[in-house]
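Have a look at the structure below, then the notes.
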Protein chains: 2
Amino acid sequence: MLPIFEKYIKAQSTSFTDEEIRRIGAAAIQRKVRKKELLLNAGEVCRYKMFITKGFLRTYRIGSDGSEHLMQFSPELTWTTDGESYANRNPSDYNIDALEDSQLLLWSKDSFDALLTLIPALKAFSDQLISNNLHSSRNRIYKAISSTPEEKYEDFIRTYPGILLRVPLRMVASYLGMSVKTLSRIRQAQLQH
Amino acid sequence: MLPIFEKYIKAQSTSFTDEEIRRIGAAAIQRKVRKKELLLNAGEVCRYKMFITKGFLRTYRIGSDGSEHLMQFSPELTWTTDGESYANRNPSDYNIDALEDSQLLLWSKDSFDALLTLIPALKAFSDQLISNNLHSSRNRIYKAISSTPEEKYEDFIRTYPGILLRVPLRMVASYLGMSVKTLSRIRQAQLQH
DNA sequence: TTGAAATCGGGACAAATGTCCTCTTTCGAA
DNA sequence: TTCGAAAGAGGACATTTGTCCCGATTTCAA
């Protein structure tokens, strides 16, 4: 798993020395999970920042009526955590589980914080990830309040090509905030062309 | 304006020395704007971080069909900018204008960046603001994909009491991603209780 | 002060969306 | 392999939501 992570880091930023990359990787816990395995249970504190070297995770929340609402897809070579719970050691509102057998690197807050002070380039990289995250969250809000279901679906397949092939439609519908029925109607209408 | 800002900063964080607060304030440009005045025009680069000492701003985006979509309300004692445009000096997709006569403090990226390196407490404070922003954005996404219009409205008046009294209903409807008609129906139904 | 524009509620109607159901196919665990 | 569960399409129907009107009131700028 570490070679995958190292290759990813080098592709993302040229600011790291090889020694720094080695230290970051050395601080990680390696973990393999099977499909459907739970990595974070709502109510628990999210103790780790996670990097997915292989596989596919999702982050979702259970509504008061018991329904699942999918907040995030996390394919390989992306990061995930509940930042709020991780930073403040609060119980999380979210669940994270594996949609496919996956391989992960985990950093506890203590060890990651130590790396951040030790390696300024990591702090800059982490800030950049947060900034990107904020930007894409704003875009998602904009689409959620401004687009029709058709537009949301088209935007989804444009922005995340490939995800559609890996997850059930009901998860895409949940992510987009519409019923499976609406999504399947849209797809049916598009077959007419 | 500066005394208001200084009082705000002291209330938010005890990590600043008086001298640091003075320097931060000294780097700001003071600006007064009249209601309806435009502070950022879509297509322009957002050159400033803004702090509202008095008044009320909004951030919105114009859809391809010409409709306004309200992304953010910014009352007094809050910050606003288009972070994406500000950080990368890209043309912005957003407009920012004044909903009331307002008084602002503006920092250009160059002068704010200088402050960030000079004053570590400011970097920590700024990181905290971004973290809060990301957290509330996630919550807004969750509500957008999981709540009925009624729930969105009730959550809005719970989360932002007071805003409803200061802005036209159509802006609240736009912020929540529903038509004015739907919002007015919900309000009508609530009068029955 | 006055006239134009904006706000907001309401009615009527059409369109979109959700729920509930069935049926078929696929998937997954024993 | 086999059996039960999940996925996904589709029909029927009710509900919700949006659009297009109108009219009364308020707001704003000349």
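Reminder, nothing fancy here: chain letters follow the sequence lines and each chain counts from 1.
- Aromatic ring pairs are classed by plane angle as parallel below 30°, tilted from 30° to 60° and perpendicular above 60°; the pair A:Tyr8 and A:Phe51 is tilted.
- Remark: the backbone N or O of B:Phe56 is paired with a side-chain donor or acceptor of B:Ser102 at under 3.5 angstrom.
- Nearest heavy atom pair, residue A:Ser92 against residue A:Leu40, reads OG-CD2, 3.6 Å.
- Taking atom CG on B:Leu99 and atom P on D:dC28, their separation rounds to 12 Å, with Å as the unit.
- The distance between atom CZ of A:Arg185 and atom C1' of D:dG8, rounded to the nearest whole Å, is 14 Å.
- Look at CG on B:Leu183: it is 13 Å from C1' on D:dT17, rounded to the nearest Å.
- A donor-acceptor contact closer than 3.5 angstrom links the side chains of B:Ser67 and B:Asp65.
- The CD atom of A:Gln190 sits 12 Å away from the P atom of D:dA9 (whole-angstrom rounding).
- As judged by a 4.0 angstrom heavy-atom cut-off over every strand, A:Lys36 is placed among residues making no nucleic acid contact.
- Annotation: proximity of residues 166-181 of chain A to DNA chain D (heavy atom, distance under 4.0 Å) is found for A:Pro168, A:Leu169, A:Arg170, A:Lys181, numbered in ascending order.
- Judged by the 6.0 Å distance and 45° axis criteria, A:Lys10 is not positioned over the aromatic ring of A:Phe16.
- For B:Arg187 and C:dC8, the CZ to C1' distance is 9 Å, given to the nearest whole Å.
- Rounded to an integer number of Å, the gap from B:Glu100 CD to D:dC28 P is 11 Å.
- In this structure, A:Leu165 atom CG and D:dA7 atom C1' are separated by 16 Å, rounded to whole Å.
- Between A:Ser184 and D:dA9 there is a side-chain polar atom (N or O) within less than 4.0 angstrom of OP1 or OP2.
- Using modelled atom types and a 3.5 Å distance limit, the side chains of B:Arg187 and B:Tyr153 yield a donor-acceptor pair.
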